[in-house]
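Shown next, in C-alpha cells, is the structure this report addresses.
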Amino acid sequence: MAEALRVGIAGLGTVGASVARVLRDKAVELTRQCGRDIVVAAVSARDPKRDRGVDLNAAKWFDDPVKMAQAAEIDVFVELIGGDEGPAFAAVKTALEAGRHVVTANKALLAKHGVALAEIAEKKGVLLNYEAAVAGGIPVIKTMREAMAGNSVTRVFGILNGTCNYILTRMEAEGISFDACLKDAQRLGYAEADPTFDIEGHDTAHKLSILTSLAFGTKIAANDIYMEGISNITQADIRAAGDLGYRIKLLGVAQRTESGIEQRVHPTMVPTASVIAQVHGVVNAVAIETDILGELLLSGPGAGGNATASAVIGDIADIAKSRPGFQHGPVFGRPAKELKPYKKAQMRSHAGGYFIRLTVHDRIGVFAAIAKRMADNDISLESIVQHAISGEAAAQKTVILVTHETTEAAVRKAVDGITKDGHLTDKPQVIRIERAG
C-alpha cells in the first residue's frame, strides 16, 4: 500500500471540524476506496483550546496557517479560513509554491485569484481542487472538468445560494414578508447577521464566475456580472408570479452570445412546471446546456457543514488516488495560460420576456401612457392585468405587464419613461422570465 496522505486543515469552524471528524470516522472505508490511508497530520486555527467535538491531539498545531502550508509534515493543504485576501490567500499561494496539493471551499478567493493560483498549481504539477466552493455538496466542478469532455457548453445557470432560495420558498409557501423570512433564516443559521453578501447576489456572482470560466474557457471575471438581489421582492410579486404560472428564483446565468459571454445574477421567473422551479429551501441546483449532452441538471444540498465537508473530502480522496508522476488535468478545464480574456456581452434579448409590475395613480390616461411608452420602445406585450388596490391606497392600481422577447435596454428605457411621466406611486419592479428546464 502507498504511504499515507498527510492532510493539514486550516480553519476548524463547522466545516473544518466536520472534515476532521469524517476523515476519522470513515478512515477504513476511505483507505479501501483510495488505496492508502488519509491522516490529519496538522491543523491551524485561531483558538487551540476550543472544543470542536473531534480529537485532534495527534495532529501538529500551527498558529500560523502560512507556516503549516509549507511544512514538511503535510502533503495536502486544506483551506477553510475564508476571505479573498489575508491568511487564506497567503497560505494557499505558499502551499502551491511549496509543491503541496490544495483543497479549498473558498469561492471568494477563487473569484479574485483563481487564475493566478491555477498557473502556480499547473507549473508545480500539483492539484488545486475546489468542489466545495460552488453549490456545496453538488459535484458540479468534477462534472464540468472531467465528465463532459467534447461537449461545448452554451449556457449554465442555477440556484447557487441556499439562503435566498430558502427565503423565496417560504415567502411563497406561507405568504409572509421578505423581512420576516430573513429574520427566521438568521435565527436558523441559514443567513449571517449581516446577510448582504447572500441576499444582494454577491455569493451567487462569485460562484457563477467560476462556472463561467469552466464552461467557456475564459478568465474569471467576477466584477463583470450584472447583479440584482432579492431584497426588493414583495408578496405582490410572489402572488403575481403564481397567477401567471411562474415561481421566483434567484438565478445565476452565464451564456455565450454573438457579442461575448453574458453573466447575470437576478431574481427570475421560471415556469412552475420546470424542474428548477421545484428546487425548494436551502437546496441548490445547476443546469448545464451543451451541444452533445443537451441539458443536465444537478441538484442537492448547497450549504451546511456536512454538505461542504463531503465535497472537501471528495477532493482529498481524488488526491489520495493520484500517484507520483501522474499528469493532472488543468484547474479550470483548460491550461490557465490558455484561458481567454473575458469579453462581456451586451445584455440582450432572451426567450421569455419580462415581468413588469407598476403601482400607478388610478386616473384617466395612465394606461394609455404606459402602452405608448411600450410601443415607442418596440416592446410587444403578451398580457396586461390591472388590479384595484383597496383601503387607504384605493386611488391606486397595480398594472402587471408581461412582454414578449425584448431587450434589457428597451425595458429599462420604457420604465424610466413611465416614471418620468409621473404616473407611478411606488418603485417599479422588473423581473426577467427565463426559459428553464
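Between F197 and H206, the ring planes lie tilted relative to each other; the angle falls in the 30° to 60° range.
Although no hydrogens or angles enter the test, the distance criterion places no donor-acceptor pair under 3.5 Å between the side chain of E131 and the main chain of V134. Using modelled atom types, no side-chain atom of E228 and backbone atom of P267 make a donor-acceptor pair closer than 3.5 Å. Side-chain atoms of S310 do not come within 3.5 Å of backbone N or O of N306 as any donor-acceptor pair. No donor-acceptor pair under 3.5 Å is formed between the side chain of T403 and the backbone N or O of S380. Side-chain atoms of Q429 come within 3.5 Å of backbone atoms of N232 as a donor-acceptor pair (strictly under, hydrogens ignored). Without hydrogens or angle criteria, K249 side chain to V279 main chain gives a donor-acceptor distance under 3.5 Å. Between the S299 side chain and the N284 main chain, a donor and an acceptor come within less than 3.5 Å of each other. In terms of modelled atom types and a separation under 3.5 Å, the side chain of T169 and the main chain of G281 share a donor-acceptor contact. In this structure, the side chain of R432 does not engage the main chain of H266 through any donor-acceptor pair within 3.5 Å. Side chain of Y354 to main chain of T406: no donor-acceptor pair is present (N/O by atom type, distance under 3.5 Å, no hydrogens or angles).
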Query - side-chain contact (heavy atoms from CB on, under 4.5 Å) assessment of I141 paired with D315 - result: CA-CA 10 Å; I141 304 301; D315 279 345; over 6 Å; no

Query raised in the report: Checking side-chain contact (heavy atoms from CB on, under 4.5 Å) for the pair I74/H101: CA distance, chi angles, key distance, verdict?
Result: CA-CA 9 Å; I74 70 168; H101 301 294; over 6 Å; no

Requested in this report: May I have the step-by-step check of side-chain contact (heavy atoms from CB on, under 4.5 Å) for F367 and K397, ending in yes or no?
Outcome: CA-CA 10 Å; F367 190 79; K397 278 189 176 181; over 6 Å; no

Report task. Show your working on side-chain contact (heavy atoms from CB on, under 4.5 Å) between T154 and D291 and close with a plain yes or no. Result -> CA-CA 7 Å; T154 54; D291 57 344; 5.6 Å; no

Query raised in the report: Between E434 and R264, is a salt bridge (charged side-chain N to carboxylate O under 4.0 Å, His left out) present by the stated rule, with each step listed?
Result: CA-CA 12 Å; E434 193 79 25; R264 45 190 167 87; 3.0 Å; yes

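Residues F332 and I210 form a side-chain contact, since some pair of their non-hydrogen atoms from C-beta on lies under 4.5 Å apart. L211 places a side-chain heavy atom less than 4.5 Å from the side chain of L160. In this structure, the side chains of K112 and E85 come closer than 4.5 Å at one or more pairs of heavy atoms. Between E200 and M227 there is no side-chain heavy-atom pair separated by less than 4.5 Å. Looking only at side-chain heavy atoms (C-beta outward), I233 and F178 stay at 4.5 Å or farther from each other. A 4.5 Å side-chain heavy-atom check between L358 and H423 finds every atom pair outside the cut-off. In this structure the side chain of F77 never reaches within 4.5 angstrom of the side chain of T94, judged on heavy atoms. K142 is listed as a side-chain neighbour of D318, based on a closest heavy-atom distance under 4.5 Å.
Taking a cutoff of 4.0 Å between a charged side-chain nitrogen and a carboxylate oxygen, K207 and D203 qualify as a salt bridge. With respect to the salt-bridge test (charged N to carboxylate O, under 4.0 angstrom), the residues K372 and D376 qualify.
Between R6 and A41, the closest heavy-atom pair is CB-CB, 3.8 Å. Shortest non-hydrogen contact noted between V156 and A215 is CG1-CB, 4.2 Å. Residues S209 and I220 share a closest heavy-atom pair of OG-CG2, 3.6 Å. Closest heavy-atom contact between R145 and Y130: NH1-CE2, 3.6 Å. Counting all heavy atoms, side chain and backbone alike, M148 lies closest to M144 at SD-CA, 4.1 Å. Across L250 and C164, no two heavy atoms sit closer than the pair CD2-SG, 3.7 Å.
Here the CZ atom belonging to R36 is positioned 10.0 Å from the CD1 atom belonging to I319, to the nearest 0.5 angstrom. For the atom pair L424 CG and I370 CD1, the distance stands at 7.0 Å (nearest 0.5 Å). Once rounded to the nearest 0.5 Å, the distance linking NZ of K321 with CD1 of I316 reads 12.5 Å. From N106, atom CG reaches atom CG of D84 across 7.5 Å, with rounding to the nearest 0.5 Å. Taking CD1 from I159 and OG1 from T268, the interatomic distance works out to 9.5 Å, rounded to the nearest 0.5 Å. From R334, atom CZ reaches atom CG of L339 across 7.5 Å, with rounding to the nearest 0.5 Å.
In summary, the side chains of E262 and T257 do not present any donor paired with an acceptor at a separation below 3.5 Å, with no hydrogens or angles considered. For D179 and S177, the side-chain atoms include no donor-acceptor pair closer than 3.5 Å. Using modelled atom types, one finds a donor on one side chain and an acceptor on the other under 3.5 Å when comparing T290 with N151. With 3.5 Å as the limit, one finds no donor-acceptor pair spanning the side chains of T419 and D416.
Heavy atoms from other residues, nucleotides or ligands lying under 6.0 Å from CD of E73 number more than 12.
Applying the salt bridge (Lys or Arg N to Asp or Glu O under 4.0 Å) definition to pairs two or more places apart or across chains, those involving residues 166-176 are R170-E174, R170-D184, E172-R247.
Of the residues listed (V399, I400, V366), the one engaging Q386 in a side-chain contact (heavy atoms from CB on, under 4.5 Å) is V399, and it is the only one.
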